[in-house]
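Remarks on the structure that follows.
Any value given below was found using the heavy atoms of this structure, including those in side chains, with hydrogens, waters and symmetry copies removed. The structure presented is a predicted model; accordingly, all values stated were derived computationally and were not measured. Numbers restart at 1 for each chain; the letters A, B, ... are given by sequence-line order, proteins then strands.
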Number of protein chains: 2
Amino acid sequence: MARTQGSHSGTTGPRVRDAALRLFARHGYAAVSMRRIAQEVGVQAGALYNYTPDKQSLLFDLMRGHMEDLLAAWADRSPESDPMAALEAFTRFHIRYHSQRPDAVFVAYMELRNLAPENFAVIERLRREYEEELVAILRRGVAVGAMEAPEPKVAAMAVIGMLTGVNTWFRAGGRLDLDDVESIYWDLVRKAVAG
Amino acid sequence: MARTQGSHSGTTGPRVRDAALRLFARHGYAAVSMRRIAQEVGVQAGALYNYTPDKQSLLFDLMRGHMEDLLAAWADRSPESDPMAALEAFTRFHIRYHSQRPDAVFVAYMELRNLAPENFAVIERLRREYEEELVAILRRGVAVGAMEAPEPKVAAMAVIGMLTGVNTWFRAGGRLDLDDVESIYWDLVRKAVAG
DNA sequence: GTCTATACCGGGATAGAC
DNA sequence: GTCTATCCCGGTATAGAC
């Protein structure tokens, strides 16, 4: 039954995506060759084209998949009626979700300029959609008098920038665990938009 | 006196750096060829090697120059004795300085992974030096009871992430000018570390 | 200091056998 | 579905004339 070549149980597609994601995150899309991806997967370069029409599509599919998963994960929650509870949920969700997928996050933020224009537009729309979730929370908080943020859109960008930055320095196994980090950041966020 | 080729007043070196910076920021280091840079400058590719030993050095010199200029600009101020005044100064300085050099900032943050290891170490040290300026301010603020930040290093990373994010969305000529943005962010920072 | 020309290598992508 | 072989292009960097 042993096969030394040919299909190995139909998992090559996901393995291509995994290898591409890891290599793109580490070295950048433009610096990674199809040959290098193939080497990582253990196939010849030509075989990759059974799984993606071209290199650009490989990048785009990874980025779109990440953004759609992110939005789905956020939507898949019991919605909080209290704006302050929603803000805490968003803060902790963002830190935790992003810390669990550092490669996908990195690629999604760094490789925007390597997307073809039509692909860029799609990713941008998804990103905007996510940002608007936070803007809406802040607006509701201001409306009910629980928060003070004269410019909710600016505050949302500030908060997201702050939270996303965790991935640049946090490493598991250090003095602080993820729960600690979540709590420290929630403290900063809560106070920043306090009335 | 007209010359159609040869030296054009000794400014080719800076023009190479300017073109490289702009192109690296727009398309990424790995995606930009020496031929493309030469085209931008208006010389042949071979002529670039009168100004840089290789492409890697071109990137490294741009990044080191940016970090050194940043540190020098921050150092070149009358130091604030009051920690809260220092924090406001840092906030406004960071936003303003970075908003005036979007390309250099972008390259300095995005192309770290394309640096040779020994060059990476140099840039990382400079970046750490800058971050420590803010950490020191927060520690002093906490020490004199003007601020509350249980983890000054984490708070510093959070604040820098927040401030650096301005470059991702701010465009001059919009509803808000840079003074507005500075004030909004200063409000957020001040409250975030308030006692 | 810049040019032209080129060495040398590796890129993305495809064809056709198995 | 993967292989081998290959096409065609463009990459970095250098040599030598002017």
Are B:Arg127 and B:Tyr109 in a cation-pi setup, meaning NZ or CZ lies under 6.0 angstrom from the ring centre and within 45 degrees of the ring axis? yes
Are A:Met110 and B:Phe24 joined in one hydrophobic group, where the rule is that I, L, V, M, F, W and Y side chains link up if heavy atoms are under 4.5 Å apart? no
Here the distance between atom P of C:dG11 and atom CD of A:Gln39, to the nearest Å, is 10 Å
Taking A:Asp180 for its side chain and A:Asp177 for its backbone only, find out whether a donor-acceptor pair lies under 3.5 Å. yes
A:Ile37 atom CD1 is separated from C:dA13 atom P, nearest whole Å, by 10 Å
Against the side chain of B:Thr12, the closest entry in D:dT6, C:dT2, D:dC3 is C:dT2
B:Gln44 atom CD is separated from D:dC18 atom P, nearest whole Å, by 17 Å
query: Is any N or O donor-acceptor pair between the side chain of B:Arg35 and the base of D:dG11 shorter than 3.5 Å?
result: yes
Looking only at C:dG1, D:dC3, C:dC3, the nucleotide nearest the B:Asn50 side chain is C:dG1
Of D:dA13, C:dG12, C:dT2, the nucleotide closest to the side chain of A:Tyr49 is C:dG12
Picking from C:dA13, C:dG1, D:dT14, the nucleotide nearest the side-chain atoms of B:Tyr51 would be C:dG1
Are the side chain of A:Ser99 and the backbone of A:Arg96 linked by a donor-acceptor contact shorter than 3.5 Å? yes
(message) Taking atom NZ as the centre, does B:Lys153 end up with more than 12 heavy-atom neighbours from other residues, nucleotides or ligands that are less than 6.0 angstrom away?
(response) no
Separation of D:dT6 atom P from A:Met34 atom CE, nearest Å, is 21 Å
When rounded to whole Å, the CD to C1' distance for the pair A:Gln56 and C:dG11 reads 16 Å
By nearest-nucleotide position on DNA chain C, the 5'-leaning member of A:Arg36 and A:Gly46 is A:Arg36
Out of D:dG11, C:dT4, D:dT2, minimum distance to the side chain of B:Ser33 belongs to D:dG11
| said: For a quick check of understanding: with a heavy-atom distance under 4.0 Å over all strands, which category does A:Val32 fall into, base, sugar-phosphate or nothing? | reply: sugar-phosphate
Of C:dC3, D:dG11, C:dG12, the nucleotide closest to the side chain of B:Val43 is C:dC3
Here the distance between atom C1' of D:dT14 and atom NZ of B:Lys55, to the nearest Å, is 17 Å
